[in-house]
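Since the structure comes first, as structure tokens, the remarks are kept for the end.
Just so it is clear, the model here is predicted, and its values are computed rather than measured. Labels below follow one simple rule: chain letters A, B, ... track the order of the sequence lines, proteins then strands, and each chain is numbered from 1.
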Amino acid sequence: MSIKFKKIRGTRDIYGEEFEKLFFIFEKSREIFSKYGYDFILTPAFESKELFEKSTGETTDIVQKEMYVFEDLSGRKLALRPEGTPPVLRAILENNIEIPCKFAYFMNMFRYERPQKGRYREFFQLGAEAVGFKEPYIDLEVLLLAEDLLKNLGIKDYRFEINSVGCISDREKYSKYLRNILKDKINNFCENCKRRYERNPFRIIDCKIDKAKIREIKSLMDFLCDDCRRHHEILINLLEKENFKYVENPLIVRGLDYYTRTAFEIISDRLGAQDALGGGGRYDFLLKDMGGPDSPGIGFAFGVERLMLVMEDIKKKDKALIYVVYVTEKEKDEAIKWVRKIRENNLYADMEWDYRSLKSQMRKANNKGAKWVLIIGEEEIKREKVKLKNMETGEEILTDNPFKFFEK
RNA sequence: GUGGGCGUAGCUCAACCGGUUAGAGCGCUGGACUGUGGCUCCAGAGGUUGGGGGUUCGAGUCCCCUCGCCCACCCCA
């Protein structure tokens, strides 16, 4: 046998235990999100390419080199969504949904990257957006919500890392400062940093190789304007007051252009190099940039596959299987009748549809973990009974009403 | 996009320095047990050694290309 088709790189087939986990996360998250007043939303898998260029940002890696872009037959330039925030905000604006509002989503995303542990080209994100809340109190709620989700999924080894990335003018000031102070030194830095200097100077302070050289460089925190500083201080006070466990990490930059002020990541050390379970932050100017009202927003997303990696296996509780076997083809019709009758009583029944030897049917029942086997042969039909076998004890009973043995 | 490791039966893996018909365990099918699963024993089916090209008398093994998987860099969920 040589299979003709294979799934394409970075995509996955999800079944069995994996599917159970994925669906468990979805069901659990619906419970949690409804406690916090978030409604679920589903948006199209593809949007205009421009939506992401204008919101995620032209300079980001996501837009520059990771988007699945294509033209449809009419020549429209489209993109498979690489992230959830722009489509959800677009939907809020387009449907005239009253702001403030809170939405959650569980959707697949697409990014053209080299696959790695916890990283795929099609993956699921579980996220939320809270639009129209200016004060840091919503930041607190979002963080509490994210942690509530983790706790309810039974995930333990995580930490919240929090930072403020200021507003756009703060970042411009900082960017100018960095370029200035590094102008003469950059040639001594590693190749990565040289590239970062041009594209994204913030990343240089995160460099592991040139750690020593950057010690005297000020952090973005020192460049926050009064409003941004105040926002951050209130949030930190709130977190302390609410006893929320976190660490401040001034190196968090986030790869998206629209973030302002609060930015955070949820890190797990049970993952490989891709150690972020999730991340998020504020985007106070994005709605306006998208042609909407001057409303702030905050959101976050978890990588569902990464959650699955750090979660314990879940035990799926099936109904007890009742397997119906027939001795020869002659009893097949009778077997079908019994399977239907059992299912009508909301019990789990199955049988071998293509005839195989009784031995083979019994083996199948055993392999499937059947609790009961209903045996139908010439003898049973003649006496208008069935033989019921308990697969744990091996005990057999001849009865005309097997239902009294199936405890519900 | 860059670097490293790896592709042999459905699964996990063997096969010396290039040598004859590519093996084992598990799983599967059948039998011992003609109307009965698990345990044991016996037998059987199952392979274009990821694909293509090259070197050689001879390639699973060496070389080149390609596809895929894993890990890391970059970046991110």
Side-chain angles (χ1 to χ4, degrees), chain A residues 1-12 56 59-66 81-85 105-127 146 190-196 199-200 202-203 206-209 252-256 264-268 271-280 299-310 323 325-328 330-331 356-381 387-396:
Chain A
M1 186 171 59
S2 75
I3 295 162
K4 282 195 179 133
F5 303 104
K6 291 181 156 177
K7 65 181 180 299
I8 58 175
R9 186 163 206 202
T11 64
R12 319 187 307 136
T56 307
T59 66
T60 60
D61 278 12
I62 289 180
V63 167
Q64 277 191 355
K65 52 181 203 187
E66 294 173 5
R81 60 180 165 221
E83 58 145 343
T85 302
Y105 60 84
F106 190 109
M107 303 193 291
N108 50 351
M109 305 293 162
F110 307 85
R111 292 184 199 172
Y112 188 83
E113 295 180 275
R114 287 285 280 265
Q116 213 177 307
K117 189 183 176 81
R119 174 199 277 172
Y120 306 95
R121 287 183 172 180
E122 182 190 16
F123 59 102
F124 286 90
Q125 280 194 342
L126 172 62
C190 68
E191 288 307 311
N192 260 331
C193 285
K194 284 177 195 162
R195 250 178 292 134
R196 286 167 170 152
R199 267 224 332 260
N200 191 355
F202 304 116
R203 281 272 167 209
D206 196 12
C207 183
K208 285 122 205 152
I209 303 163
I252 289 177
V253 181
R254 312 256 67 220
L256 312 172
F264 61 92
E265 284 180 4
I266 301 122
I267 308 296
S268 167
L271 289 168
Q274 309 306 318
D275 60 357
L277 283 170
F300 73 94
F302 283 111
V304 174
E305 286 79 1
R306 292 183 189 175
L307 295 174
M308 287 162 70
L309 280 173
V310 300
Y323 205 76
V325 307
Y326 47 109
V327 179
T328 69
K330 286 193 202 111
E331 294 87 28
R356 303 169 87 182
S357 70
L358 181 62
K359 188 195 198 65
S360 161
Q361 293 182 61
M362 289 299 294
R363 188 158 44 224
K364 185 89 158 264
N366 187 57
N367 289 345
K368 289 190 139 203
K371 188 165 183 197
W372 300 99
V373 168
L374 217 63
I375 303 165
I376 298 161
E378 201 180 0
E379 189 66 14
E380 285 77 10
I381 289 177
K387 194 181 272 177
L388 186 63
K389 178 163 185 168
N390 181 322
M391 291 298 274
E392 278 153 43
T393 63
E395 187 187 0
E396 293 185 1

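For A:Asn367, no side-chain nitrogen or oxygen approaches OP1 or OP2 of B:G27 to under 4.0 Å. For the pair A:Lys359 and B:G37, the criterion of a side-chain N or O lying under 4.0 Å from OP1 or OP2 is met. Within the structure, every side-chain polar atom (N or O) of A:Gln116 is placed at least 4.0 Å from both OP1 and OP2 of B:C71.
B:U56 and B:A9: their P atoms are spaced 30 Å apart (whole Å). Taking atom P in both B:G35 and B:U20, the straight-line distance is 48 Å, to the nearest Å. Here, B:G4 and B:G46 have their C1' atoms 35 Å apart, quoted to the whole Å. Of the C1' atoms belonging to B:U49 and B:C6, the separation is 14 Å, rounded to the nearest Å. To the nearest whole angstrom, the two C1' atoms, one in B:G37 and one in B:U12, are 26 Å apart. Distance check on atom P: B:C62 versus B:G18 gives 8 Å, rounded to whole Å. Using P as the reference atom, B:G23 and B:A32 are 29 Å apart when rounded to the nearest Å. The P atoms of B:G10 and B:G51 are separated by 13 Å, rounded to the nearest whole Å.
Taking a pair as Watson-Crick or G-U wobble with both distances under 3.5 Å, the runs of three or more consecutive pairs in RNA chain B are B:1-7 with B:67-73, B:10-13 with B:23-26, B:28-32 with B:40-44, B:50-54 with B:62-66.
A:Gly272 comes within 4.0 angstrom of sugar-phosphate atoms only, judged by non-hydrogen atoms across all strands, and of no base. Among the heavy atoms of the strands, none lies under 4.0 Å from A:Ala365. Nucleic acid contact for A:Glu122: none, since no nucleic acid atom lies under 4.0 Å from a heavy atom of the residue. Residue contacts for A:Gln361: at a heavy-atom cut-off of 4.0 Å it reaches no nucleic acid atom on any strand shown. Nucleic acid contact for A:Tyr120: base, since at least one base atom lies under 4.0 Å from a heavy atom of the residue. Looking at heavy-atom distances under 4.0 Å, A:Gly10 makes contact with sugar-phosphate atoms alone, never a base. Within the nucleic acid shown, A:Glu113 comes within 4.0 Å of at least one base atom, counting heavy atoms only. Among the atoms of the strands shown, only primed sugar atoms or phosphate atoms (P, OP1, OP2) are found under 4.0 Å from some heavy atom of A:Arg9. A:Lys389 comes within 4.0 angstrom of a base, heavy atoms only. In this structure, A:Arg12 reaches neither bases nor backbone, as no heavy-atom distance under 4.0 Å exists between it and the strands shown. Counting any heavy atom pair closer than 4.0 Å across all strands shown, A:Lys387 reaches a base atom. Looking at heavy-atom distances under 4.0 Å, A:Glu380 makes contact with a base. Residue A:Ile375 is in base contact, counting any heavy-atom pair closer than 4.0 Å across all strands shown. When heavy atoms are screened at a 4.0 angstrom cut-off, A:Glu379 is found touching base atoms of the nucleic acid.
The distance from atom OH of A:Tyr323 to atom CG of A:Leu374, rounded to the nearest 0.5 Å, is 12.5 Å. In this structure, CZ on A:Phe300 lies 11.0 Å from CD on A:Gln125, to the nearest 0.5 angstrom. Rounding to the nearest 0.5 Å places CD1 of A:Ile381 at 10.0 Å from NZ of A:Lys330.
The side chain of A:Arg119 lies closest to B:A77, out of B:A77, B:C70, B:U29. Which of B:G35, B:G37, B:G30 sits closest to the side chain of A:Ser360 comes down to B:G30. Comparing atom distances between the A:Glu66 side chain and each of B:U36, B:A77, B:C75 picks out B:C75 as nearest. You'll find that the side chain of A:Tyr112 is closest to B:G1, out of B:G1, B:A72, B:U36. When the nucleotides B:G31, B:C75, B:G35 are ranked by their closest atom to the side chain of A:Val327, B:G35 comes out on top.
In this structure, A:Phe302 does not pack face-to-face on the six-membered ring of B:A77, missing the 5.5 Å centre cutoff or the 30° plane limit.
A:Arg356 has its CZ atom 10 Å from the P atom of B:C28, to the nearest Å. A:Ile8 places its CD1 atom 9 Å from the P atom of B:G68, with the value rounded to the nearest Å. Rounded to whole Å, atom P of B:G38 lies 17 Å from atom NZ of A:Lys368. Per the geometry, NZ belonging to A:Lys364 stands 11 Å off P belonging to B:G30, to the nearest Å. Atom NZ in A:Lys117 sits about 20 Å away from atom P in B:G5, given to the nearest Å. Distance, A:Asp61 CG to B:U2 C1': 14 Å, rounded to whole Å. Look at CZ on A:Arg121: it is 14 Å from C1' on B:C70, rounded to the nearest Å. Distance CZ (A:Arg111) to P (B:C74): 17 Å, rounded to an integer number of Å.
Annotation: of the two residues near RNA chain B, A:Ala273 and A:Asn366, the 5′-most nearest-nucleotide partner is A:Asn366. Residue-to-nucleotide proximity on RNA chain B shows that, of A:Arg114 and A:Arg363, the 5′-proximal contact is made by A:Arg114.
Of all heavy-atom pairs between A:Gly118 and A:Leu309, the closest is CA-CD1, 3.8 Å.
The neighbour count for A:Glu396 CD, taken as heavy atoms of other residues, nucleotides or ligands under 6.0 Å away, is above 12.
Side chain to side chain, A:Asn108 and A:Glu122 meet the donor-acceptor criterion of an N or O pair below 3.5 Å.
Side-chain atoms of A:Arg306 and A:Phe123, non-hydrogen and from C-beta on, never get closer than 4.5 Å to each other. No side-chain heavy atom of A:Lys371 sits less than 4.5 Å from a side-chain heavy atom of A:Met391. Between A:Arg114 and A:Arg9 there is a side-chain heavy-atom pair separated by less than 4.5 Å. At a threshold of 4.5 Å between non-hydrogen side-chain atoms, the residues A:Lys65 and A:Tyr112 do not count as touching.
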_Applying side chain to side chain contact (heavy atoms under 4.5 Å, CB included) to A:Glu380 and A:Glu331, what does each step give before you reach the verdict?_
CA-CA 10 Å; A:Glu380 285 77 10; A:Glu331 294 87 28; over 6 Å; no

